[in-house]
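First comes the structure, then the notes that go with it.
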Amino acid sequence: MITITDTPTEAMTAVTDGWYNQLAASLNLSIRHFQLLQPPAVPTGDQALWDSFNVVPPVTLKYNRWLYQQPTFFSQYAAVVNGLSFPESDFVEDIGADTYVQWQAYLKTITPPPPANTLPTVWFQWAMVNAPDVANIGRSDLSTQLLIEGAQALLQPYEGPNAKPADFSPTFSDLKNTLRASSGASFSFDSTHDDPDVSNSWVPGDDPNYFGIWTGSSAAFHVSRKFALSKITVSAQFDHVATVAVTPGQWYNSFLLHQAWASPCTPPWIDSADWQAYFGATGSFTHAVGSLFAADGITLTLTSDADFTPAEQVIIKGLAAVGDWPVYCPISSSVFSNSIATGPGSLVIRFKSAPGNPVILGLNVFDIRSYVGAG
């Protein structure tokens, strides 16, 4: 365990970073993508599950969903789609006015008119004979028009006063079935031998920690600092664990999001400044969730050799119901139970989640460039 000499929050941050590294190493999670949820999400149905990952995740290894006010993935995607357009005037400019007149005249000779989704191919076949120099750019323009209009049409049922909820995969039932068919895992953690170095993770440097020993307590509290500087061991058992891909529903068009990211100019953007507003270094749409990591049937036994005073022991026991390090799940339903035993130089916390109740422990986060398939 490292020696704490700087800020008062460093001790709690270090031990939590050590837990993060041990959890990732033991459960084959990549520190290039994994984000620990604090507290974990405990969905009871589809909407609650989707809400847990319908988010533009913050750039932090430990995502405190109670403190960060993040926009939803759906809202940012919809704003991008509605900020795109490819006017007919740009198509005319690219192929030339005379060629456009000839193209329109040719279309009138086709009975019945070709379906909109065939126009890029119809154009290309005609242009290779009549305007070969602009055949490719014309096809590209028509394809972009078609892509934008199609994506905006898919979004319409999910917008407005009678909007459908933005759906995703997996459903809650799918997640439960996946976990039921998945194997379990177990590992141990010892703060005297942990590795708090997160400099090689996807969020290098000093990643903040927001809780102390219990939910809502500060990492700077004396009792939290005493806990973090003690010898902490955790025996962790998961009956079932699974990493499950997250996929947006029929309202989503991955090709258009790629096009929007890859084309920062006007068109396809109505206002080219919007590209920076969403995808720039300080934009609102720089990351997305690619998959979630869930567990079912969790048993944790934590020990600490901190010598808490009788008054501190009373406080710790009294606040156990709000959730404790390292999972911070509030003990507010039949899903969770924990017990705390304290004595001179000893603290033992036993935490259990009832089988059949998925717990979302973390997310796998991708920068938007990787998410749209650009590398």
Side-chain angles (χ1 to χ4, degrees), residues 56 71 73-160 163 248 250-288 367-375:
V56 178
F73 177 91
F74 175 81
S75 69
Q76 296 304 287
Y77 170 80
V80 167
V81 171
N82 291 322
L84 303 177
S85 177
F86 202 104
E88 192 74 0
S89 58
D90 287 286
F91 176 57
V92 175
E93 182 179 344
D94 284 344
I95 67 172
D98 291 343
T99 300
Y100 182 76
V101 170
Q102 297 171 32
W103 163 243
Q104 291 297 309
Y106 170 69
L107 286 178
K108 292 177 181 178
T109 68
I110 304 176
T111 305
N117 64 347
T118 67
L119 281 179
T121 299
V122 174
W123 154 266
F124 188 73
Q125 293 171 344
W126 177 85
M128 285 301 291
V129 175
N130 298 279
D133 290 346
V134 291
N136 282 318
I137 192 170
R139 179 170 60 177
S140 176
D141 288 357
L142 290 172
S143 296
T144 300
Q145 280 184 344
L146 188 65
L147 188 61
I148 293 172
E149 291 167 2
Q152 290 173 343
L154 288 175
L155 268 180
Q156 286 180 0
Y158 300 87
E159 299 181 305
Q250 293 185 350
W251 48 269
Y252 176 71
N253 188 311
S254 61
F255 297 106
L256 184 61
L257 189 58
H258 174 89
Q259 181 86 348
W261 180 87
S263 307
C265 55
T266 300
W269 290 90
I270 296 172
D271 184 346
S272 59
D274 286 346
W275 190 97
Q276 282 292 337
Y278 292 107
F279 301 136
T282 59
S284 60
F285 200 11
T286 59
H287 291 79
D367 63 67
I368 202 65
R369 174 188 175 93
S370 299
Y371 187 80
V372 301

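Because the structure is predicted, anything quoted here is derived from the model rather than measured.
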Checklist entry - Of the non-hydrogen atoms in P157 and L154, which two are nearest, and what is the gap between them? => result CD-O, 3.2 Å

Could you go through residues 141-153 and list every donor-acceptor pair under 3.5 Å that involves a side-chain atom there, pairing it with any protein atom two or more places apart or in another chain?
{"from": "S143", "atom 1": "OG", "to": "R139", "atom 2": "O", "distance (Å)": "2.8"}
{"from": "T144", "atom 1": "OG1", "to": "S140", "atom 2": "O", "distance (Å)": "3.0"}
{"from": "T144", "atom 1": "OG1", "to": "Q259", "atom 2": "NE2", "distance (Å)": "3.2"}
{"from": "Q145", "atom 1": "NE2", "to": "F86", "atom 2": "O", "distance (Å)": "3.1"}
{"from": "Q145", "atom 1": "NE2", "to": "E88", "atom 2": "OE1", "distance (Å)": "3.1"}
{"from": "Q152", "atom 1": "NE2", "to": "V81", "atom 2": "O", "distance (Å)": "3.1"}
{"from": "Q152", "atom 1": "NE2", "to": "L84", "atom 2": "O", "distance (Å)": "3.2"}

Item to check | Reported SG-to-CH2 distance for the pair C265 and W275, which is rounded to 0.5 angstrom | outcome: 11.0 Å

Checklist entry - Taking the side chain from H258 and the backbone from V372, do they hold a donor-acceptor pair closer than 3.5 Å? => result yes

Checklist outcome for this item: Sorted by chain and residue number, the ring-ring contact (aromatic ring centres under 6.0 Å, His included) partners of F73 (sequence neighbours excluded) come out as Y252, F285, Y371

Checklist outcome for this item: Taking every heavy atom of F255 against every heavy atom of N253, the minimum-distance pair comes out as N-OD1, 3.0 Å

Next on the checklist: Going by the rule side-chain hydrogen bond (donor to acceptor under 3.5 Å, both in side chains), which residues pair with D133 if we only count those two or more places apart in sequence or in a different chain?
Outcome noted: none

Check: residues 118-132 side-chain donor-acceptor pairs under 3.5 Å, at least two apart:
{"from": "T118", "atom 1": "OG1", "to": "P115", "atom 2": "O", "distance (Å)": "2.7"}
{"from": "W123", "atom 1": "NE1", "to": "A135", "atom 2": "O", "distance (Å)": "2.9"}
{"from": "N130", "atom 1": "ND2", "to": "W126", "atom 2": "O", "distance (Å)": "2.9"}

Next on the checklist: Run the side-chain hydrogen bond (donor to acceptor under 3.5 Å, both in side chains) test against S272 and tell me which residues pass, sequence neighbours left out.
Outcome noted: none

Item to check | Partners passing side-chain hydrogen bond (donor to acceptor under 3.5 Å, both in side chains) against S284 (at least two apart in sequence or in another chain) | outcome: Q76

Next on the checklist: Minimum heavy-atom separation for T286 and G280, please, with both atom names.
Outcome noted: CG2-O, 3.2 Å

Checklist entry - In terms of heavy-atom contacts, does CG of D98 have more than 12 from other residues, nucleotides or ligands at under 6.0 Å? => result no

Checklist entry - Listed by chain and number, what are the side-chain hydrogen bond (donor to acceptor under 3.5 Å, both in side chains) partners of W251, not counting sequence neighbours? => result D167

Checklist entry - W261 and V80: side-chain contact (heavy atoms from CB on, under 4.5 Å), yes or no, with the steps? => result CA-CA 9 Å; W261 180 87; V80 167; over 6 Å; no

Checklist entry - Any sub-3.5 Å donor-acceptor pair from W269's side-chain atoms to A260's backbone N or O? => result yes

Next on the checklist: If you compare all heavy atoms of E159 against all heavy atoms of A78, which two are closest, and at what distance to 0.1 Å?
Outcome noted: OE2-CB, 3.7 Å

